[in-house]
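All remarks here apply to the structure that follows.
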Amino acid sequence: MFILYNGLSMKKYFISIDEGTTSTRSVIFNDDGKIVGIESERINLYYPGNGLVEFNPLEIYNAVLRTLKKSMENAGIDSSQICSIGITNQRESIIIWNKRTGIPVYNGISWQDKRKMDIPDFNNYKN
């Protein structure tokens, strides 16, 4: 796919950001579906107690930025050539942010964490 940009025809690329339980990965594809840039970085998990699993949201944010930058450098492209971004993330993990500051209130709670309340199954609810 080519897009006219400042009078020039430029090839466009697609990015996939995969935020997994143990790593952040940024992959760049050309319009033929071929991978032209890829970068991965391990993320830390923290275990503050029995059955508790947390992660630092700012570590993840910074890992995403670093892997995006490195994968774009590997592909030899700049941000003006990106036409779309897709994101996958960690199941039911939770992060609470302060809406005024944009800073996380606490570590993220991983989907693996045992701190959860029982959620009723309304599919099996009978009057």
Side-chain angles (χ1 to χ4, degrees):
M1 173 190 316
F2 289 89
I3 303 286
L4 198 60
Y5 180 76
N6 286 342
L8 301 172
S9 181
M10 296 181 65
K11 191 162 183 168
K12 297 304 246 180
Y13 298 88
F14 308 87
I15 292 180
S16 172
I17 299 169
D18 176 20
E19 184 49 57
T21 303
T22 59
S23 70
T24 299
R25 180 174 299 124
S26 294
V27 184
I28 300 178
F29 298 90
N30 65 16
D31 58 355
D32 294 324
K34 180 182 175 195
I35 294 174
V36 296
I38 187 168
E39 192 66 35
S40 180
E41 187 173 309
R42 187 161 179 74
I43 60 167
N44 297 309
L45 292 175
Y46 302 95
Y47 305 92
N50 189 28
L52 308 180
V53 185
E54 300 177 356
F55 55 88
N56 182 322
L58 295 178
E59 285 180 14
I60 290 177
Y61 175 76
N62 288 316
V64 169
L65 294 179
R66 284 189 300 270
T67 60
L68 280 172
K69 181 179 178 185
K70 289 178 185 176
S71 64
M72 289 171 56
E73 288 171 357
N74 294 344
I77 63 172
D78 65 49
S79 61
S80 68
Q81 295 175 274
I82 303 300
C83 67
S84 70
I85 299 175
I87 302 172
T88 65
N89 63 349
Q90 300 178 32
R91 300 183 192 174
E92 295 87 17
S93 295
I94 299 169
I95 302 171
I96 299 173
W97 303 86
N98 181 313
K99 73 177 186 177
R100 290 188 190 99
T101 65
I103 297 173
V105 173
Y106 185 74
N107 277 344
I109 307 297
S110 174
W111 63 270
Q112 303 162 304
D113 196 284
K114 300 302 179 197
R115 282 175 281 192
K116 61 184 174 183
M117 68 172 120
D118 290 331
I119 299 173
D121 182 359
F122 291 108
N123 293 324
N124 293 323
Y125 181 75
K126 296 179 182 166
N127 293 347

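- Between Arg25 and Ile38 the shortest side-chain heavy-atom distance falls below 4.5 Å.
- In this structure, the side chain of Ser71 does not engage the main chain of Val27 through any donor-acceptor pair within 3.5 Å.
- Separating the OG1 atom in Thr24 from the CG atom in Leu65 is a distance of 10.0 Å, to the nearest 0.5 Å.
- The cluster map of Ile, Leu, Val, Met, Phe, Trp and Tyr, joined by side-chain heavy atoms under 4.5 Å apart, puts Ile28 and Val64 in the same cluster.
- Among all heavy-atom pairs drawn from Met72 and Ser79, the shortest one is CE-N, 3.2 Å.
- Hydrophobic clustering of Ile, Leu, Val, Met, Phe, Trp and Tyr side chains at less than 4.5 Å, counting indirect connections, unites Ile15 with Ile77.
- The OG atom of Ser84 lies 10.5 Å from the CZ atom of Phe29; values are rounded to the nearest 0.5 Å.
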When the side chains of residues 94-103 are checked against the rest of the protein, which donor-acceptor pairs come out under 3.5 Å, sequence neighbours left out?
| unit_1 | atom_1 | unit_2 | atom_2 | d |
| --- | --- | --- | --- | --- |
| Asn98 | OD1 | Arg100 | N | 2.7 |
| Asn98 | OD1 | Thr101 | N | 3.1 |
| Thr101 | OG1 | Ile103 | N | 3.1 |

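- Atoms CZ and CD, from Arg42 and Glu59 in turn, are 12.0 Å apart once rounded to the nearest 0.5 Å.
- Using a 4.5 Å cut-off between side-chain heavy atoms of Ile, Leu, Val, Met, Phe, Trp and Tyr, with links allowed through other members, Ile60 and Ile109 fall into different hydrophobic clusters.
- Of all the heavy atoms in Gln81 and Gly76, the pair that sits closest is OE1-O, 4.5 Å.
- Heavy-atom minimum distance, Asn107 versus Pro57: CA-CD, 3.9 Å.
- Atom OG of Ser40 sits about 8.5 Å away from atom CG of Asp18, to the nearest 0.5 Å.
- One hydrophobic cluster, built from ILVMFWY side chains closer than 4.5 Å, holds both Val36 and Ile85.
- The shortest distance between side-chain heavy atoms of Asn30 and Lys11 falls below 4.5 Å.
- No side-chain heavy atom of Glu19 sits less than 4.5 Å from a side-chain heavy atom of Phe55.
- With respect to the salt-bridge test (charged N to carboxylate O, under 4.0 angstrom), the residues Asp113 and Arg115 qualify.
- Connection of Tyr13 to Leu68 is established within a shared hydrophobic cluster, with ILVMFWY side chains joined at heavy-atom distances below 4.5 Å, either directly or through further cluster members.
- Remark: Glu92 engages no residue in a salt bridge (charged side-chain N to carboxylate O under 4.0 Å, His left out) (not counting sequence neighbours).
- Heavy-atom neighbours of Tyr61 OH from other residues, nucleotides or ligands within 6.0 Å: at or below the threshold of 12.
- Taking every heavy atom of both residues into account, Gln112 and Val53 meet most closely at OE1-CG1, 3.4 Å.
- Looking at Asn56 and Asn44, their side chains never come closer than 4.5 Å, going by heavy atoms from C-beta outward.
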